[in-house]
Number of protein chains: 2
Amino acid sequence: MAGTEIKLTEQRRVILEELRKVRTHPSADAVYDLVRKRLPRISLGTVYRNLEAMSERGMIRKLGGCQCQMRFDADVTNHYHVRCLKCGRVDDVAVETCEVLERALRERSDYAILGHHVEFIGFCPSCRCAGEDERSDQPEGAGER
Amino acid sequence: MAGTEIKLTEQRRVILEELRKVRTHPSADAVYDLVRKRLPRISLGTVYRNLEAMSERGMIRKLGGCQCQMRFDADVTNHYHVRCLKCGRVDDVAVETCEVLERALRERSDYAILGHHVEFIGFCPSCRCAGEDERSDQPEGAGER
DNA sequence: ACAACTAATAGGAATGATTACTATTCGCGG
DNA sequence: CCGCGAATAGTAATCATTCCTATTAGTTGT
């Protein structure tokens, strides 16, 4: 199922195109909004179904994270992410992926390791300014929906 | 709010004790089941509220991940996790945390970096056996709830 | 052009995790 | 014992996501 062929319907094509246009790692809902500008009658279910189908086939990437809302990325090359604790923004990160980690684990674990994700957490440029007194009261985030 | 004092009510004490007993990184719901054996009248809302309150104060750790269900860990020292793609099981991992990563990023990013998580993905010992033909049809997971 | 078939879709209902709300209870100082 | 603020139980509401079903689009053979 993971490598099965997939027909590129209009809906799927537009979803993929829109996802490739942005660097914001949008949620399914945000993708829906983008796509709806071009296909006003598309249904949210279709967006979910196709994001899922495409991520199963490695065409896009599905990002987990500390929130309850998935985010998607058209860039399927290995790379890491930073997530802002305050506003939830997700950015790509400019550090090499660390294959050593994976090799080390393979030797010490009974799991069949397929890959790994790294997510840094912190405050994005906008949010870090919005609270530059000390570092006491700001971190009330971590839980938006 | 992150460092505020917290009163150790009976409910909170039991939640913490039960969480410390297990190595399974239980979900809120699973914690609820554990705690209910000792406090049958506790409400699920209380469990959620207190898990949240305690993780805000660094007393426990809240794990995100590729699923839509949070998991909790009483071990707040820095360590990484493996998650089974098939059954969702989460284990601790025996590799050193990689502070180099964080230092590298601090130099190249405008974010205020607070920390990072690493999550390996793969198949746990039980699940890897349950499909050892090749590697074609099994990975239909990645989407349990 | 047309019937037969299959895969995909729209739209809405259902589900599951989490949060919000509210009346009640608990713990404590006076 | 009384008053008061914090915490709780129980339940309703919310939000993301998935499921269901009738309809549509695309394909193949005639």
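Lettering of chains follows the sequences in order, A, B, ..., and the numbering in each one begins at 1.
Spacing between atom OH of Tyr48(A) and atom P of dT18(D) amounts to 7 Å, rounded to whole angstrom units. Taking atom CZ of residue Arg13(A) and atom C1' of nucleotide dA25(D), one finds them 15 Å apart after rounding to whole Å. Taking atom CE of residue Met70(A) and atom P of nucleotide dG16(C), one finds them 17 Å apart after rounding to whole Å. Between the CZ atom of Arg36(A) and the C1' atom of dA10(C) there is a distance of 13 Å, rounded to whole Å. Between Lys62(B) atom NZ and dT19(C) atom C1' the separation is 11 Å, expressed in whole Å. The distance between atom CD of Glu56(B) and atom C1' of dT19(C), rounded to the nearest whole Å, is 13 Å. Atom CG in Leu44(A) sits roughly 14 Å away from atom P in dA13(C) (whole-Å rounding). The CG atom of Asp33(A) sits 15 Å away from the P atom of dC15(D) (whole-angstrom rounding).
A salt bridge links Glu18(A) with Arg38(A): at least one charged nitrogen is closer than 4.0 Å to a carboxylate oxygen. Comment: Glu52(A) engages Lys62(A) in a salt bridge, judged by a side-chain N to carboxylate O separation of less than 4.0 angstrom.
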Pairs under 3.5 angstrom, nitrogen or oxygen only, protein versus nucleotides 5-8 of chain D, please.
from: dA7(D); atom 1: OP1; to: Arg12(B); atom 2: NH2; distance (Å): 2.9
from: dT8(D); atom 1: OP1; to: Thr9(B); atom 2: OG1; distance (Å): 2.9
from: dT8(D); atom 1: OP2; to: Arg49(B); atom 2: NH1; distance (Å): 2.6
from: dT8(D); atom 1: O3'; to: Gln11(B); atom 2: NE2; distance (Å): 3.0

Carefully, step by step, assess Arg89(A) and Tyr111(B) under the rule side-chain contact (heavy atoms from CB on, under 4.5 Å). CA-CA 11 Å; Arg89(A) 172 177 153 193; Tyr111(B) 273 69; 3.6 Å; yes
Could you check Met59(B) against Ile6(B) for side-chain contact (heavy atoms from CB on, under 4.5 Å), going step by step and ending with a plain yes or no? CA-CA 10 Å; Met59(B) 300 166 68; Ile6(B) 196 180; 4.0 Å; yes
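Sequence order on DNA chain D of the closest nucleotides to Phe72(A) and Leu39(B) puts Leu39(B) first from the 5' end.
Nearest heavy-atom pair, Val76(B) versus Gly58(B), reported as atom, atom and distance to 0.1 Å: CG1-O, 3.4 Å.
Within 6.0 Å of atom CD in Glu96(A), 12 or fewer heavy atoms from other residues, nucleotides or ligands are found, so the atom counts as exposed in its surroundings.
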